[in-house]
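Down below is the structure, laid out as structure tokens.
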Amino acid sequence: MVKKMSQIICKRVSVAGYLLSVFCFLFLCGCANPLHKDTFIIAGTYLEVISKDSRASQIVHEEFKRMEKIFNFYDKDSELSRLNNTYNAPVKVSSELIEVLKLSKQLNEMTDGAFDVSCGSLYNFWKEFIKKGNIKELPSKETINGILENCGMDKIKINTDLTVTIERKGLKVDLGAIAKGYMVDKAATALKNKGISSALINAGGDIYCLGTNNKNPWRVGIKNPSEIQGIIENEDLVDEAVTTSGNYEQFFDFEGRRYSHIIDPRTGFPVTSGVISVSVVSKNCTTADGLATAFFVDGIEGLNKFLSKYPSTMRIFMVTQEGKQKRVHIFR
Ligand code: ADP
Ligand code: MG
């Protein structure tokens with residue numbers, strides 16, 4: 001998530017076909033009831049809400065505004081920043097932050113450390129490195145090992161009294177790989193609580209399809225980033241989420257290799273697994289968000305290992321590149 005922006009652009013549509021996002025295409029069929037579509041910029045991303053209920057976008061936007069104050073890594077007044085500025089002192093936090101931290105710990109264990117929210121200092125280091133550009137050499141192993149000392153999920157203690165203690169000075173929690181999915185899930189719950197049963201929420205490619213779209217499933221095309229107009233497959237979604245992690249937005253090329261903004265926390269270096277993108281379809285947008293990042297880190301081999309250990313109903317679409325050869329792998 002990047003700095004707070006609260007520009008609001010509102011539009012209304014009742015269209016037959018509409019291009020949704022960088023990652024996914026959404027096909028809206030001709031409907032009797034017009035669909036309202038509103039777009040916001042929030043939490044460093046765009047937020048799109050489509051529903052025939054005109055109240056939906058405001059409810060989702062309000063929920064995002066509320067949660068941005070909890071999860072924004074770059075806002076020094078957010079709850080997360082307050083926590084990140086402490087050391088060895090229990091900090092009272094919201095139940096939402098506790099919930100995401102607990103799930104993050106679980107995902108960390110399930111992915112053998114590929115998913116790790118305790119390495120904020122490391123992720124920040126690489127983001128600055130990519131931003132600087134003009135790369136002549138990679139940072140040394142010593143530099144990276146030094147930063148890695150400030151990581152470790154075991155150094156984030158979740159206490160029983162809704163407090164969290166960071167037990168390592170310099171450790172920064174970064175929820176950038178999971179919070180967007182969580183916000184989407186919470187916004188969907190907020191809609192349901194207000195009696196709205198049909199909507200699509202898209203936060204920068206993390207999508208949740210609530211109910212049906214005029215009795216039909218919401219149809220989302222999983223984009224193949226290795227082809228300009230390519231779609232891997234159209235997915236019909238009802239009460240399901242789809243999220244994507246990819247290296248085609250933030251990356252750098254060095255000595256013939258593409259390095260991603262997603263980092264392998266075990267080596268401390270950007271992922272070079274040959275994965276271009278991973279899309280995960282699941283009932284839950286939070287888990288789908290976290291796992292898309294983890295699968296990106298560990299590639300096909302890690303994904304196979306995960307699925308043999310944790311059989312699941314998720315559908316996973318992975319695009320890989322080896323030399324000039326690009327391949328699409330579908331797991332369902
Ligand atoms: P997106 O950029 O679309 O949000 P992700 O959901 O994959 O993509 O999140 C990437 C962000 O998560 C990075 O910008 C960084 O802040 C953080 N991150 C990077 N590597 C990891 C990792 N291995 N585990 C957890 N978080 C990560
Ligand atoms: Mg993610």
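We count ligands from 1, going down the list as the structure has it; atoms in each ligand are counted the same way. Count residues from 1 along the sequence.
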So if I count the atoms of ligand 1 from 1 in the order they appear, which ones are less than 4.0 Å from some heavy atom of [X]?
{"X": "Ala114", "result": "22 (C), 23 (N), 24 (N)"}
{"X": "Val297", "result": "23 (N)"}
{"X": "Lys180", "result": "3 (O), 4 (O)"}
{"X": "Asp289", "result": "6 (O)"}

*Same apolar cluster (I L V M F W Y, side chains within < 4.5 Å links), Tyr87/Val164*: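 In one cluster with Tyr87: Val164, no.
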
*State the count of protein N/O/S atoms located less than 2.8 Å away from the Mg ion (ligand 2).*
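Protein N, O or S neighbours of the Mg ion (ligand 2) under 2.8 Å, waters not counted, come to 4.
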
Is it the case that atom [atom1] in [X] sees more than 12 heavy atoms from other parts of the structure closer than 6.0 Å?
{"X": "Arg55", "atom1": "CZ", "value": "yes"}
{"X": "Lys194", "atom1": "NZ", "value": "no"}
{"X": "Lys305", "atom1": "NZ", "value": "no"}

Does any N/O atom on [X] come nearer than 3.5 Å to any N/O atom on ligand 1?
{"X": "Pro265", "answer": "no"}
{"X": "Ile263", "answer": "yes"}
{"X": "Lys127", "answer": "yes"}

_Test: ring pair (Phe, Tyr, Trp, His ring centres under 6.0 Å). Region: residues 159-181. Which pairs qualify, not counting sequence neighbours?_
none

*Taking the six-membered ring where the residue is Trp, are the ring centres of Phe331 and Phe317 under 6.0 Å apart?*
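Not under 6.0 Å, so no.
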
*Any idea which heavy atoms bring Pro139 and Phe125 closest together, and the distance?*
CG-CE2, 3.6 Å

_Beyond-backbone contact of Asn84 with Ile166, side-chain heavy atoms, under 4.5 angstrom_ =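 Yes. Closest side-chain heavy atoms under 4.5 Å.
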
*Just wondering, do Tyr182 and Glu96 contact through their side chains at under 4.5 Å, heavy atoms?*
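In short, these two side chains touch, coming nearer than 4.5 Å.
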
*Considering only heavy atoms, does Asp174 approach ligand 1 within less than 4.0 Å through its side chain, its backbone, both, or neither?*
side chain

*Would you please classify the geometry between the Phe295 ring and the Phe306 ring as parallel, tilted or perpendicular, with 30° and 60° separating the classes?*
perpendicular

